[in-house]
Amino acid sequence: MLAPLIGHRWDLPASEAIALQHQLARQLVLVSSDVDIDLVAGIDVSILGSLAHAAVVVMRYSDLACIEQHTAQRPVAYPYVPGLLTFREAPVVLDALARLTTFPDILLFDGQGFAHPRRLGLASHLGLLLDRPSIGCAKSRLCGTFDEPSPERGSWSPLKDQDEVVGAVVRTRTGVRPVFVSAGHRMSLEQATSVVLGTCRGFRLPEPARHAHRMSTSWVFSQ
DNA sequence: GCGACAG
DNA sequence: ATCTTGTCGC
């Protein structure tokens with residue numbers, strides 16, 4: 001149901017991976033379509049030893065009811081290198097997404113989208129390969145500078161890198177550390193921020209991402 | 001040369 | 001991400 005239109009290997013040497021990111025980033029579409037949002041999928045990955053575990057949870061945007069959820073496992077074959085996280089997590093994430101029986105309107109990833117040194121974080125890279133609207137919602141900064149947003153829920157400040165706004169630092173809960181939102185693909189920063197705030201229910205992370213995270217880690221605990 | 005650095 | 005208990009604060 002949800003598989004990449006175009007594929008490429010994930011075991012590229014760093015120099016080739018970086019060149020590919022530069023090339024793919026040119027194809028990003030950073031505007032949203034007018035289609036109503038019905039289903040939002042949250043995706044997260046946990047790693048135990050040498051085994052990666054991905055979880056995807058599809059929720060209805062209107063009431064955040066859980067529509068379906070899936071998991072996938074596979075050995076990790078790529079090291080963690082800041083800026084190349086996609087090459088470590090994409091294989092297992094694609095396995096989990098391939099199991100979906102519904103077609104989510106938006107993919108919400110735990111990580112950066114456009115707010116990346118080469119403008120192609122996990123959310124942008126996979127949104128592009130899958131040709132689906134996507135959002136990056138990270139718990140910490142990878143690149144860019146920002147002013148601390150006000151402490152109230154809903155406040156935000158621009159995340160700038162090299163004189164360009166690459167994302168938004170968003171306070172999803174009053175008095176709690178902000179999250180780093182950025183457009184993935186076929187998405188504007190404004191709608192990305194709107195969807196993140198619109199799917200938060202009293203916690204720092206949006207519900208789809210929070211549930212996917214709970215699923216992937218609860219598995220690790222049971223091993 | 002010295003820090004910074006999604007998960 | 002993961003290793004890991006209690007503890008400070010609202």
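Protein chains get the first letters and strands the later ones, always in sequence-line order, with residue 1 at the start of each. Just so we're clear, the structure is a prediction, and the values are computed from it rather than from any experiment.
Taking atom CZ on A:Arg173 and atom P on C:dC10, their separation rounds to 14 Å, with Å as the unit. Separating the CG atom of A:Leu85 from the P atom of B:dA6 is a distance of 9 Å, rounded to the nearest angstrom. Here B:dC5 presents its P atom at 19 Å from CG of A:Leu122, a figure rounded to the nearest Å. Rounded to whole angstrom, the span from the OH atom of A:Tyr78 across to the C1' atom of B:dA6 amounts to 15 Å. For the pair A:Arg88 CZ and B:dC5 C1', the interatomic distance rounds to 14 Å; values are reported in whole Å. Atom CZ in A:Phe87 sits about 18 Å away from atom P in B:dG7, given to the nearest Å. Atom CZ of A:Arg214 and atom P of C:dA1 are 15 Å apart (whole Å). The distance between atom CD1 of A:Ile43 and atom C1' of B:dG7, rounded to the nearest whole Å, is 15 Å.
Looking at heavy-atom distances under 4.0 Å, A:Gly49 makes no contact with the nucleic acid at all. In this structure, A:His213 reaches the sugar-phosphate backbone alone: every heavy-atom distance under 4.0 Å involves primed, P, OP1 or OP2 atoms, never a base. Note on A:Leu120: nothing from the nucleic acid sits closer than 4.0 angstrom, heavy atoms only.
Nearest nucleotide to the A:Ser46 side chain, out of C:dC3, B:dA4, C:dA1: C:dA1. With B:dA6, B:dA4, C:dA1 as the candidates, the nucleotide lying closest to the side chain of A:Arg141 is B:dA4.
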Quiz: residues 24-39 of chain A side-chain donor-acceptor pairs under 3.5 angstrom, not counting sequence neighbours:
{"residue": "A:Ser32", "atom": "OG", "partner": "A:Ser188", "partner atom": "N", "Å": "2.9"}
{"residue": "A:Ser32", "atom": "OG", "partner": "A:Ser188", "partner atom": "OG", "Å": "3.2"}
{"residue": "A:Ser32", "atom": "OG", "partner": "A:Gln191", "partner atom": "OE1", "Å": "2.6"}

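Judged purely by atom type and a 3.5 angstrom limit, A:Arg153 has no side-chain atom pairing as donor or acceptor with the backbone of A:Val176. The closest donor-acceptor contact from the side chain of A:His185 to the backbone of A:Asp131 lies at 3.5 Å or more, if one exists at all. The main-chain N or O of A:Phe203 is never found under 3.5 Å from a side-chain atom of A:Arg173 such that the two would form a donor-acceptor pair.
Between A:Leu122 and A:Leu126 the shortest side-chain heavy-atom distance falls below 4.5 Å. Inter-residue side-chain proximity for A:Lys139 and A:Arg204 is flagged as met; some heavy-atom pair is nearer than 4.5 Å.
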For DNA chain B, just give me the dot-bracket, please: Watson-Crick or G-U, both distances below 3.5 Å, ( ) intra-strand, [ ] crossing earlier pairs, | paired with another strand, . unpaired. .......

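A donor and an acceptor atom, one from each side chain of A:Ser150 and A:Ser155, are nowhere located under 3.5 Å apart.
Applying the 4.0 Å criterion to OP1 and OP2 of B:dG7, one finds that A:Lys139 has a side-chain N or O inside that range. The phosphate of B:dG7 (OP1 or OP2) has a side-chain N or O of A:Ser140 nearer than 4.0 angstrom.
Centre separation under 5.5 Å together with a plane angle under 30° holds for the ring of A:Tyr80 and the six-membered base ring of B:dG7, marking them as stacked.
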